[in-house]
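Scroll down for the structure; my scribbles are underneath it.
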Amino acid sequence: MLDDASPDAKPASVQRQVPDDASPRRGAAHTAPHPALPEQSALTRARSRMDHALAVAHTAPAGDIPVGAVVFGPDGEPVAAATNRRQADNDPTAHAEVLALRAAAEKLGRWRLEDCELVVTLEPCVMCAGAAVAARVGSIVFGAWEPKTGACGSYVDAVRAPGALYVPEVRGGVAEYESQRLIHSFFSDLRR
C-alpha cells in the first residue's frame, strides 16, 4: 500500500546556504530557513483523481454497473477514461479498467504504462487487476472494496501474487463512501 505522511506532519524546511557577500558578517556562511512548499500528499492527490473517476462513472450507459476508470499520465493529467460497457457492447471484457488501459496505451503509443496511475471507483476484478499488472501501471487507486470479486486484497490479491514479476503500488478505499453509494444506488434501482 502507499504510505501517507501523518496528517499532523509539518513540511520540512529547506536550508539554503547564504553566500558570504550577502551575509552581514563577512567570512561566515549563514543558513537561512527557506520554507519549501508542501508537496500535495498522496492521499489528497488520490482523492482529487478519484473525484474525476466518480464523474466518469456517472456517465455509464443505462444498464451497466456505474464504474469509472481513469488513467493518469506521468504529468498527472488524465490520459484516458472509460466506464463499464459490458451491457451496452455485449462484451464480457468491456470493464472500465480494461477500456481505459487500452485507450491510454493507444494514446501514448506504448503498452507499458509504468509511469501511469489507474484510478477506478470499484476494486478491480481478477481480469482488470491482471490487465493493470500486464500494462505495468505504476499504481492502482480504487474507491469501494468488492468482497465478492475484488482482486486487490478483498477476495483475492492478484496484484501481489507470490512470484509476480511486476507489482504495482495499491491504495484502496479512496472516496469509499461515494463509490459505494453509487454502486448501491444502481443495484437498489434494479430491485425496484
Side-chain angles (χ1 to χ4, degrees), residues 1-2 4 7 38-108 113-125 127-133 135 137-154 159 168-192:
M1 294 289 185
L2 296 173
D4 291 318
E39 285 189 33
Q40 185 180 28
S41 81
L43 186 56
T44 302
R45 182 178 56 249
R47 176 56 201 235
S48 173
R49 291 178 176 185
M50 185 60 68
D51 288 342
H52 189 96
L54 283 163
V56 169
H58 282 284
T59 68
D64 273 298
I65 299 171
V67 174
V70 181
V71 175
F72 289 86
D75 61 357
E77 294 298 315
V79 174
T83 65
N84 273 351
R85 297 194 50 85
R86 200 169 53 170
Q87 295 292 340
D89 295 351
N90 290 316
D91 180 354
T93 68
H95 288 204
E97 300 94 322
V98 171
L99 298 175
L101 289 167
R102 284 179 187 160
E106 185 174 332
K107 186 170 183 181
L108 294 172
L113 305 175
E114 63 272 345
D115 54 357
C116 296
E117 181 169 75
L118 172 64
V119 179
V120 59
T121 57
L122 184 66
E123 182 180 5
C125 68
M127 176 182 69
C128 296
V133 169
V137 296
S139 58
I140 300 169
V141 174
F142 65 88
W145 294 88
E146 175 45 89
K148 294 180 182 175
T149 62
C152 291
S154 287
V159 295
E169 294 183 33
V170 175
R171 168 176 280 120
V174 176
E176 182 176 8
Y177 175 76
E178 294 88 337
S179 298
Q180 281 179 342
R181 191 172 64 199
L182 189 60
I183 299 296
H184 287 248
S185 176
F186 172 79
F187 285 109
S188 293
D189 290 346
L190 278 182
R191 292 183 189 112
R192 289 184 192 168

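Heavy atoms only: backbone and side chains are in, while hydrogens, waters and symmetry mates are out. The residues of the chain are indexed from 1 along the displayed sequence.
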Quiz item: Going by atom types only, do Ser154 and Glu146 share a side-chain donor-acceptor pair under 3.5 Å?
Solution: no
A side-chain contact here means heavy atoms from C-beta on lying under 4.5 Å apart; do [X] and [Y] qualify?
X      : Y      : answer
Met50  : Val141 : yes
Val79  : Leu108 : yes
Arg102 : Thr93  : yes
Thr83  : Pro61  : yes

Self-check item: Derivation of the side chain to side chain contact (heavy atoms under 4.5 Å, CB included) call for Ile140 and Val133
Solution: CA-CA 9 Å; Ile140 300 169; Val133 169; 5.5 Å; no
[Y] backbone acceptor or donor facing [X] side chain under 3.5 Å:
X      : Y      : result
Asn84  : Pro66  : no
Thr121 : Gly68  : yes
Glu123 : Gly153 : yes
Ser185 : Leu182 : no

Quiz item: Is it the case that more than 12 heavy atoms not belonging to Glu106 sit under 6.0 Å from its CD atom?
Solution: no
Quiz item: How long is the span from the SG atom in Cys116 to the CG atom in Asp75, to the nearest 0.5 Å?
Solution: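 It comes to 9.0 Å.
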Exercise. Calculate, to the nearest 0.5 Å, the distance between atoms OG and CD1 belonging to Ser188 and Ile183 respectively.
Key: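 These two atoms lie 11.0 Å from each other.
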For [X] versus [Y], what's the shortest heavy-atom pair and its separation?
X      : Y      : answer
Gln180 : Ala144 : CG-CB, 3.7 Å
Leu54  : Ala175 : CD1-CB, 4.1 Å
Cys152 : Phe142 : CB-CE2, 3.7 Å
Thr59  : Ala55  : CG2-O, 3.7 Å
Ala82  : Ala100 : CB-N, 3.6 Å
Ala135 : Leu101 : CB-CD2, 4.3 Å

Quiz item: Which pairs, with at least one residue in residues 177-189 and sequence neighbours excluded, count as a salt bridge (charged side-chain N to carboxylate O under 4.0 Å, His left out)?
Solution: Arg47-Glu178, Asp189-Arg192
Self-check item: Qualifying ring pair (Phe, Tyr, Trp, His ring centres under 6.0 Å) pairs, either residue in residues 45-83, two or more places apart
Solution: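 Counting only pairs at least two positions apart or across chains, the ring pair (Phe, Tyr, Trp, His ring centres under 6.0 Å) contacts touching residues 45-83 are His52-Phe72.
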Practice problem: Kindly indicate, with the supporting measurements, whether the criterion side chain to side chain contact (heavy atoms under 4.5 Å, CB included) is fulfilled by Leu43 and Arg171. | Solution: CA-CA 9 Å; Leu43 186 56; Arg171 168 176 280 120; 4.1 Å; yes
Exercise. Please report the C-alpha distance between Val98 and Met127 in whole Å, then the side-chain angles of each, then the deciding distance to 0.1 Å, and finally whether the side chain to side chain contact (heavy atoms under 4.5 Å, CB included) criterion is met.
Key: CA-CA 8 Å; Val98 171; Met127 176 182 69; 4.1 Å; yes
Quiz item: For Phe186 and Asp64, what are the C-alpha separation, side-chain angles and deciding distance, and is it a side chain to side chain contact (heavy atoms under 4.5 Å, CB included)?
Solution: CA-CA 9 Å; Phe186 172 79; Asp64 273 298; over 6 Å; no
